[in-house]
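Okay, structure first, notes after.
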Amino acid sequence: MFEGELVIFDLETTGLSPHADDIIQIAAVRMVKGLICPADTFFSYVDPGRRIPPFITQYTGITNWDVQGAPDVGSVLRSFSEYVGNATLVAHNGHRFDMPFLAASCHKKSLSVRAVPYHDSLALSWQFWGRRGFRHGLDQVLSRLNIVEANVRRHDARGDVILLAKAVEKLWEQILATQGPPQIKLYHGSLPMLAGTL
DNA sequence: GCTAGGCAGGAACCCCTCCTCCCCT
């Protein structure tokens, strides 16, 4: 089981490019010793300071109205960094999507950053089923794990993060039971410096 | 499944380069 704390998180953005696009939603849930803490969550809309492309509204259900009046990304990332504390982050395809987005957003806002450890949950899926012969998208992973949540909205960070947390919990248990401790790479990404350490 | 960009990993070939695929919104 996990030794320390994990913060499972998910971003919704205006597109796929960390440099050209912006974060519009962040959601996270904490896991302690392998167990999800349902009451210990983080959520915020982010005002991207621009119109949300229609495709993204269609894809995520997030509208311009939703982000109107929301805090800007600098403010949300500072709060998120405080929430994360010393935990290790986990996101699906985080190494190539979520973490570069966090780093690029800090850079755009000229925020002082700290190094934050993170895992990519894709690696758990690769280890458990084998990289070839299986697809490893979140939908495919959830389907193979028989994780179904009736009242959860996919492509909304709040919904995706709950589903991902359940998937991580289950995958970790199953890998541990069948293959021993997961051999999952630990990376380091960026989040704003914590208050009081500047 | 459709747009966008980036990249890890494999192949071929000799250690860097090219190619292809994946996954995220």
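By convention in this document, chain letters (A, B, ...) are assigned in the order of the sequence lines, proteins followed by strands, and residues within each chain are numbered from 1. FYI, side chains are in, hydrogens and waters are out, and symmetry mates aren't considered; it's all heavy atoms of this structure.
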First encountered from the 5' end of DNA chain B, between A/Phe55 and A/Thr60: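 Residue closer to the 5' terminus by nearest nucleotide: A/Phe55.
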
Residue list, side-chain hydrogen bond (donor to acceptor under 3.5 Å, both in side chains) with A/Gln140, at least two apart or on another chain: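 Expected list: none.
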
Which whole-number value in Å describes the distance from [X] [atom1] to [N] [atom2]?
X: A/His19; N: B/dC7; atom1: NE2; atom2: C1'; value: 12 Å
X: A/Arg51; N: B/dT25; atom1: CZ; atom2: P; value: 22 Å
X: A/Tyr187; N: B/dG6; atom1: OH; atom2: P; value: 19 Å
X: A/Leu122; N: B/dT25; atom1: CG; atom2: P; value: 11 Å
X: A/Asp21; N: B/dC23; atom1: CG; atom2: C1'; value: 15 Å
X: A/Leu138; N: B/dC22; atom1: CG; atom2: C1'; value: 14 Å
X: A/Asp22; N: B/dG5; atom1: CG; atom2: P; value: 16 Å
X: A/Met99; N: B/dG6; atom1: CE; atom2: C1'; value: 16 Å

Take atom [atom1] in [N] and the same atom in [M], then report the distance between them in whole Å.
N: B/dC7; M: B/dC22; atom1: C1'; answer: 9 Å
N: B/dG5; M: B/dT20; atom1: C1'; answer: 16 Å
N: B/dC24; M: B/dT17; atom1: C1'; answer: 27 Å
N: B/dC14; M: B/dG1; atom1: P; answer: 40 Å
N: B/dC13; M: B/dC19; atom1: P; answer: 13 Å
N: B/dA8; M: B/dC23; atom1: P; answer: 15 Å
N: B/dG9; M: B/dC21; atom1: C1'; answer: 9 Å
N: B/dT3; M: B/dC15; atom1: P; answer: 38 Å

With sequence neighbours excluded, residues passing salt bridge (charged side-chain N to carboxylate O under 4.0 Å, His left out) with A/Asp160: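 Testing A/Asp160 for salt bridge (charged side-chain N to carboxylate O under 4.0 Å, His left out), a comparison that skips the adjacent residues, returns A/Arg154.
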
Results of salt bridge (charged side-chain N to carboxylate O under 4.0 Å, His left out) for A/Arg114 - residues two or more places apart only: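 With neighbours one apart ignored, the set is empty.
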
CG/A/Asp139: more than 12 non-hydrogen atoms of other groups inside 6.0 Å: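 More than 12 within 6.0 Å, yes.
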
Starting the side chain at C-beta, find the nucleotide from [options] nearest to [X].
X: A/His92; options: B/dC2, B/dA8, B/dC24; value: B/dC24
X: A/Arg96; options: B/dC22, B/dG5, B/dT3; value: B/dC22
X: A/Glu12; options: B/dG5, B/dT25, B/dG9; value: B/dT25
X: A/His95; options: B/dA8, B/dG5, B/dT3; value: B/dA8

A/His155-A/Thr60 side chain donor-acceptor pair, cut-off 3.5 Å: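 No donor-acceptor contact under 3.5 Å links the two side chains.
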
Between A/Asp47 and A/Gln68: side-chain donor-acceptor atoms closer than 3.5 Å: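 The criterion, which ignores hydrogens and geometry beyond distance, is not satisfied for A/Gln68 and A/Asp47.
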
Pair pattern of DNA chain B in dot-bracket, where unpaired bases get dots and | marks partners in another strand, Watson-Crick or G-U under 3.5 angstrom: ...(((.((((.....))))..)))

Does [X] reach a base, just sugar-phosphate, or nothing at all? Heavy atoms under 4.0 Å.
X: A/Gly137; answer: sugar-phosphate
X: A/Asp10; answer: sugar-phosphate
X: A/Asp160; answer: sugar-phosphate

Other cluster members, A/Tyr59 - Ile/Leu/Val/Met/Phe/Trp/Tyr, side-chain contacts below 4.5 Å: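 When side chains under 4.5 Å apart are linked, the cluster holding A/Tyr59 also contains A/Ile24, A/Phe43, A/Tyr45, A/Ile52, A/Phe55, A/Ile56, A/Ile62, A/Val67.
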
Contacts of type ring pair (Phe, Tyr, Trp, His ring centres under 6.0 Å), residue A/Phe80, not counting sequence neighbours: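 Counting only residues at least two positions away or on another chain, A/Phe80 forms a ring pair (Phe, Tyr, Trp, His ring centres under 6.0 Å) with A/Phe9, A/Phe42.
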
Interatomic spacing from CG in A/Leu111 to OG in A/Ser81 - rounded to 0.5 Å: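 A/Leu111 atom CG to A/Ser81 atom OG measures 9.5 Å (nearest 0.5 Å).
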
